[in-house]
Engineer: 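There's a structure below that I have some questions on.
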2 protein chains.
Amino acid sequence: MKLEVQIKMNETLYVRDPEQSELGKNIIKYSILLIQKKGFEVFTFKKLAEAIGTTEASIYRYFENKHKLLVYLISWYWGWLEFQIIYQTKNVQDSKAKLKQVITLLATTVQDDIMTSHVDESLLNQILISEGCKSYLTKHVQEDNKQEFFSPYKDLCKTVGEIILECNIQYKYPQSLASTIIEVAHLQNFFLHNLPALTDFDQTKKEDQIIEFLNNLVFSSINN
Amino acid sequence: MKLEVQIKMNETLYVRDPEQSELGKNIIKYSILLIQKKGFEVFTFKKLAEAIGTTEASIYRYFENKHKLLVYLISWYWGWLEFQIIYQTKNVQDSKAKLKQVITLLATTVQDDIMTSHVDESLLNQILISEGCKSYLTKHVQEDNKQEFFSPYKDLCKTVGEIILECNIQYKYPQSLASTIIEVAHLQNFFLHNLPALTDFDQTKKEDQIIEFLNNLVFSSINN
DNA sequence: TATAAATGATAGTAATACTATCATTTATTT
DNA sequence: AAATAAATGATAGTATTACTATCATTTATA
């Protein structure tokens, strides 16, 4: 039996649910490939249609515009990541070990998850690093927020924030620290690979150093 | 006598130096106004031309495209901010007091500096918060980096990194911590105003809480 | 006053971001 | 198995964006 994990998505993000058809799944699959390869600014529905072998009009039947498609992909990733975090820390009793595990999950280059055949999580992780913040850094964040576009992100931060509080119930900034860990994990990864002068890392050991840096940052401040 | 501060800019960022003419200064002034008001994605050279009362073609005589104009504005701000940091901390002897002062400068909503008549630093600061990372989150970062587009940012991080090392010469991640402070100051500010669930702050006390959060984060980790 | 440099006015092109229409294929219901 | 509905394909069209080019006019400098 073939198992498939499905992430429940906000219905206002799409016109037609892409999980329910072959074309829809191809839109997800090829948009991940194209956005990762060419960057979000250069990515267009026309290029996506050509890559899939369909027409622009057909893409518009699934997504209103490329921004909503980006938000969809990113939400999907946050949903998937929260599942990973809950699943991979459920037997960890020690709160600090749990938080350490979470930091590792947030900062590690992900492997493709075979449970989700049309989504390559490793590519999606790279999209998160380079394009993630573009999903909310717009003039229409607040309307998007009202439509719950960022719930998966907020839920994830809440989960991480709760684990932080488990470590130290006195800590004053669990939400800010949670969002900081997530964003800094991505930023330092981007800097490491593209603007290394902004970091203290060398290209060889890669993510391990980011994890060390984050552990140092997080555990010194919550133990303080 | 009227004093004017000039920030020396990378010449590859522009076609014609905007500081050298009235039209050029208007391009800077109105692009700051428009980008802040409408957001970078919606901003176009045509709209900018209309706002100034000139033509699209004339704008292109100063900047190749809107991305380079954005990088120009952001570089200008980093240059100006580094000047502020050096100027405002030059008499501070205690390293920790100096770093605290730097964090405050990085996280505070800036006042318009009358020394630079055509640049409203307060608006530019808001552009930095919402659009800053778009200057480097592109597929062409590395070429841009080779052309020294990000030198003012790197210089600022280096300056901040050196102050961090003054506090604790043993600290392993001065550059990463410097870039983290800068980016987190902006991110938490954006979240506070747009996605408050991602922070622990209330709208009333504003920036003070971000400064407290950053101080806690930074000083616990470098004292560790 | 002559000359060069900067700007304005206008036109044009290819690409982007859509919307609309109708024919055809594929799936579902009776 | 036929009838009906839903999804997709093919094609066309529009407004806007992101430019480039040309030539006339204004403004600055030699």
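Chain identifiers are assigned alphabetically (A, B, ...) following the order of the sequence lines, protein sequences preceding nucleic acid strands; residue numbering begins at 1 within each chain. Just so you know, these numbers use all the heavy atoms, side chains as well, and skip hydrogens, waters and symmetry mates.
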Engineer: Rounded to the nearest Å, what distance is computed from the CD atom of residue E50(B) to the C1' atom of nucleotide dT17(D)?
Structural biologist: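 Checked: the CD to C1' distance equals 13 Å.
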
Engineer: Under 4.5 Å between any side-chain heavy atoms of Y62(B) and S21(B), yes or no?
Structural biologist: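 Yes, at least one pair of side-chain atoms sits under 4.5 Å.
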
Engineer: Would K90(A) count as a cation-pi partner of Y87(A), with NZ or CZ less than 6.0 Å from the six-membered ring centre and within 45° of the ring normal?
Structural biologist: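 Checked: cation-pi criterion met.
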
Engineer: Could you tell me which residues satisfy ring pair (Phe, Tyr, Trp, His ring centres under 6.0 Å) with F201(B), sequence neighbours excluded, listed by chain and number?
Structural biologist: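 Result, ring pair (Phe, Tyr, Trp, His ring centres under 6.0 Å) vs F201(B): none returned.
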
Engineer: Please test K37(B) against L33(B) for side-chain contact (heavy atoms from CB on, under 4.5 Å), starting from the C-alpha separation and ending with a verdict.
Structural biologist: CA-CA 6 Å; K37(B) 196 172 173 196; L33(B) 281 164; over 6 Å; no

Engineer: Considering only heavy atoms of chain A and a distance under 4.0 Å, specify the first and last nucleotide of DNA chain C in 5' to 3' order that meet this criterion.
Structural biologist: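 The contacted stretch runs from dT16(C) to dT21(C).
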
Engineer: Could you identify which residues of residues 137-144 of chain A place a heavy atom less than 4.0 Å from some atom of DNA chain D, listed by residue number, or say none?
Structural biologist: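 When residues 137-144 of chain A is checked for heavy atoms under 4.0 Å from DNA chain D, there are no hits whatsoever.
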
Engineer: Between V42(A) and R16(B), who's closer to the 5' end of DNA chain C by nearest nucleotide?
Structural biologist: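 Per heavy-atom nearest nucleotide, the more 5' residue is R16(B).
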
Engineer: Identify the nucleotide, in any strand shown, that forms a Watson-Crick or G-U wobble pair with dA23(C), with both distances under 3.5 Å; if there is none, say none.
Structural biologist: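 When the pairing criteria are applied, dT8(D) turns out to be the nucleotide that pairs with dA23(C).
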
Engineer: What residues from residues 51-73 of chain B pass a heavy-atom cutoff of under 4.0 Å to DNA chain D?
Structural biologist: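 Hits under 4.0 Å, by residue number: E56(B), A57(B), Y60(B), R61(B), E64(B), N65(B), K66(B).
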
Engineer: Please output the side-chain donor-acceptor pairs of residues 185-198 of chain B that fall under 3.5 Å, not counting sequence neighbours, one pair per line with the distance.
Structural biologist:
{"residue": "Q188(B)", "atom": "OE1", "partner": "S176(A)", "partner atom": "OG", "Å": "2.8"}
{"residue": "Q188(B)", "atom": "NE2", "partner": "S176(A)", "partner atom": "O", "Å": "3.4"}
{"residue": "Q188(B)", "atom": "NE2", "partner": "S179(A)", "partner atom": "OG", "Å": "3.1"}
{"residue": "Q188(B)", "atom": "NE2", "partner": "T180(A)", "partner atom": "OG1", "Å": "3.3"}
{"residue": "N189(B)", "atom": "OD1", "partner": "H193(B)", "partner atom": "ND1", "Å": "3.0"}
{"residue": "H193(B)", "atom": "ND1", "partner": "N189(B)", "partner atom": "O", "Å": "3.0"}
{"residue": "N194(B)", "atom": "OD1", "partner": "Q142(A)", "partner atom": "NE2", "Å": "2.8"}
{"residue": "N194(B)", "atom": "ND2", "partner": "F190(B)", "partner atom": "O", "Å": "3.1"}

Engineer: Hey, are the side chains of Y77(A) and I7(A) touching, using non-hydrogen atoms and a 4.5 Å cut-off?
Structural biologist: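 No; the side chains remain at least 4.5 Å from each other.
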
Engineer: Does F40(B) have K66(B) sitting over its ring (NZ/CZ under 6.0 Å from centre, angle to axis within 45°)?
Structural biologist: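 Yes, K66(B) and F40(B) form such a contact.
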
Engineer: Provide the closest heavy-atom pair for L105(B) versus L81(B) in the form atom of the first, atom of the second, distance.
Structural biologist: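 The pair with the smallest heavy-atom distance is O-CD1, 4.3 Å.
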
Engineer: Pair up each side-chain donor or acceptor in residues 155-164 of chain A with any protein partner under 3.5 Å, not counting sequence neighbours, and list the distances.
Structural biologist:
{"residue": "T159(A)", "atom": "OG1", "partner": "E82(A)", "partner atom": "OE2", "Å": "2.3"}
{"residue": "T159(A)", "atom": "OG1", "partner": "D155(A)", "partner atom": "O", "Å": "3.0"}

Engineer: How close do V15(B) and R61(B) get, counting heavy atoms only, and between which atoms?
Structural biologist: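 Result for this residue pair: CB-O, 3.4 Å.
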
